[in-house]
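As structure tokens, the structure follows; a few thoughts come after it.
Lettering of chains follows the sequences in order, A, B, ..., and the numbering in each one begins at 1. Owing to the predicted nature of the structure, the values given are computational and were not obtained by experimental measurement.
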2 protein chains.
Amino acid sequence: MAERVRLIDVAREAGTSVSTVSRALNGSDLISPEVVAHVRAVAGQLGYRADKRAQEFKLGRPLTVGVTVPDLTNPFFSEVLKGLNAAARAGGYRLLIGESSEDPAEELRLVDELVDYSGALVLCSSRLTRAGLEKALAQPVPVVCINRTVKNAGVVAIDYRAASRLLLEHLTGLGHRRVLYVGGPATSWSDGERRRTLRRTARALDVTLDEIDGGWSGNHGYDAGPTVLHSRATAVITFNDLVGIGLLSWMYDNGVEVPSELSVASYDDIPIAAYSRPPLTSLRNERAKLGELAWEQLTKRLAGADWPAPDLLTPELVVRASTGPARRRARIRAS
Amino acid sequence: MAERVRLIDVAREAGTSVSTVSRALNGSDLISPEVVAHVRAVAGQLGYRADKRAQEFKLGRPLTVGVTVPDLTNPFFSEVLKGLNAAARAGGYRLLIGESSEDPAEELRLVDELVDYSGALVLCSSRLTRAGLEKALAQPVPVVCINRTVKNAGVVAIDYRAASRLLLEHLTGLGHRRVLYVGGPATSWSDGERRRTLRRTARALDVTLDEIDGGWSGNHGYDAGPTVLHSRATAVITFNDLVGIGLLSWMYDNGVEVPSELSVASYDDIPIAAYSRPPLTSLRNERAKLGELAWEQLTKRLAGADWPAPDLLTPELVVRASTGPARRRARIRAS
DNA sequence: CGATCGGTTGCAATCGTTTGCACGCTAGGA
DNA sequence: TCCTAGCGTGCAAACGATTGCAACCGATCG
């Protein structure tokens, strides 16, 4: 907790003016090498550190990127953040992170606040309404959306069309003709995309697709257990792995064998998916890459270019023990 | 992407001076109510937003808290962040988050950088060396450590003494006399605490305690499988739930029955622990509260008070199916 | 020897906001 | 009527850095 050393202190000590010190430290070639060396030495000795607030204020360009995520504790988002953070840091930027708690109104408030501090915004899996999104895009900073397509902004997303096809083809390959989708939060664009692409692919593959509402956590999956059991589906696709693992847990607790009685597959392949019982078949996606690409789009934009075309990441199916051949006869079982 | 509106623009439009506008917007009681109303109206109409950079620069107090965590994707840290974020936001502060990737050198770099932007620092489960920590504390901002005790700083931590006692008493109650601890990262203070308190309590309870090195992820737990199997322990305590779940997975893959052949218990009780097979006995701690308390200590300190006494959070044992009575005879089993 | 030029350095303005201080106006009392 | 008190407002300085421009230096050239 020492006193701050300012430019003027260094100048006094070095016997020069503040402008010379500033230029010397910033590597201007106007200053003679000896002076530069001397100033640097003095600055180092005094422990001078530029006041970033003053610096950014004067320069007018914030070196901070604001990010919103629906839930910090969701592994999907943490990993996106990880990638984005690494990329931004490499580019000399810092991350200001806001958590909306899955609440569109809170997310709007966050955007409103982050924009005051940031030179750019990244909305990760935005839960914003269409109108809210418009407002966010009207802010005087460039905006990139992760997992949400929108005009006049950068877009980086998972290719859910490919994803859903991979999942359904895997299941039909195992003989499943009736599949149930356990959905995610209603505000989630990616849930909408999963539904849309599943429906479309199901039609193409002549699979019967049922849908129920779920959520984003293990509890949601667990709670969906009874409904799933009473459906006529032989395979279930869950919104994400947390839901999938919760569902597996209910099945175990209630004596339903997976995959012999019911197959379960999911999106995302978070690390823990490999360790569920049985290990969960899931769609691996490069979440960290999502963050990196968002940063890439941002830098291009900040450099003055137009928004590049959306980046779409194709996931890869990781087949594990939670999916298997469809059972022959309809399940008969008391509730 | 519109032009910024500044105070001077509002002043011109409202027909007053900048100072009046500033005071009106900041609720100074020096200005007459009509003028305040008028200025507010004009400002709203023009869409004026204070330049936070200029504002904080002038005021000299950063409204940002810098936080470091070893790993953004670890549920423990995400939840601490969640709590801290909520508390700081309520107090009008924002979080600048840095991830050290479990690397002490990187963490030191982070601290060095965050301090330029922050009015306070929170080090969550710092992996810093003793010397590094000294350096961090020498920074001209108050520092709170979460899960690491240190002098001249705020301290918020889990009470590992109580934690280890709960775990060991639970296991001895089930008849276990030989327990193996699968450790965490060597740089982790909390791993050291867990070992220290486990040893001490084991001695008091007359339990034989063995220790092996592990890590912080599911893989670390899975990889520890063979060593655990060959040990003579009847119960295992893992560094955290991720390690525990990884270990359970290995046991399942290799036909070892849990808990009849081996009991497994762990620290932290992350949400997914309830959904492992079998569900994991673990120590629930209020991680979000850890973040909130850190913020509380910080506010007190920022208000000028001395550092309060360390806050210790006592965890609660959640007994699930992964622990059971000790088997009678030594396990005999081929590798 | 004086003018010029290239290379260094310092002065001072500037970014947008807050705030101490002084000023002007009005009203009330002497 | 004049002085004063008090309220409301504006002027200008300040925060700490960057940077255009002018000034200064010694050296070189005519």
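- Judged by atom type and distance alone, Arg23(B) does not reach the base of dG8(D) through any side-chain donor-acceptor pair under 3.5 Å.
- In terms of phosphate contacts, Ser22(A) brings no side-chain nitrogen or oxygen within less than 4.0 Å of OP1 or OP2 of dA17(D).
- One donor-acceptor pair, N or O on each side, does fall under 3.5 Å between the base of dT14(C) and the side chain of Lys58(A).
- The ring of Phe57(A) lies on top of the base of dC15(C), close enough and flat enough: under 5.5 Å between centres, under 30° between planes.
- For the residue pair Asp71(B) / Thr73(B), a side-chain donor-acceptor distance below 3.5 Å is found, with atom types taken as modelled.
- A salt bridge is absent between Asp306(A) and Lys300(A): the closest approach of a Lys/Arg side-chain nitrogen to an acidic carboxylate oxygen does not fall below 4.0 angstrom.
- Leu95(B) contributes atom CG, which lies 9.0 Å from atom OG of Ser118(B) (distance to the nearest 0.5 angstrom).
- A salt bridge links Glu106(A) with Arg109(A): the distance from a Lys NZ or Arg NE/NH1/NH2 to an Asp or Glu carboxylate oxygen falls below 4.0 Å.
- Taking side-chain N and O atoms only, Tyr48(A) has a distance below 4.0 Å to OP1 or OP2 of dA17(D).
- Residue Gln55(B) places at least one side-chain N or O under 4.0 Å from the OP1 or OP2 atom of dT18(C).
- Looking at which nucleotide of DNA chain D each of Leu30(A) and Asn26(A) is closest to, the 5′-most match is held by Asn26(A).
- Taking atom CG on Leu63(A) and atom P on dT18(D), their separation rounds to 12 Å, with Å as the unit.
- The phosphate of dG7(C) (OP1 or OP2) has no side-chain N or O of Ser32(A) nearer than 4.0 angstrom.
- You won't find any donor-acceptor pair under 3.5 Å spanning the side chain of Arg49(B) and the base of dG16(C), going by distance alone.
- Put simply, the side chain of Ser19(B) and the base of dC11(D) share a donor and an acceptor less than 3.5 Å apart.
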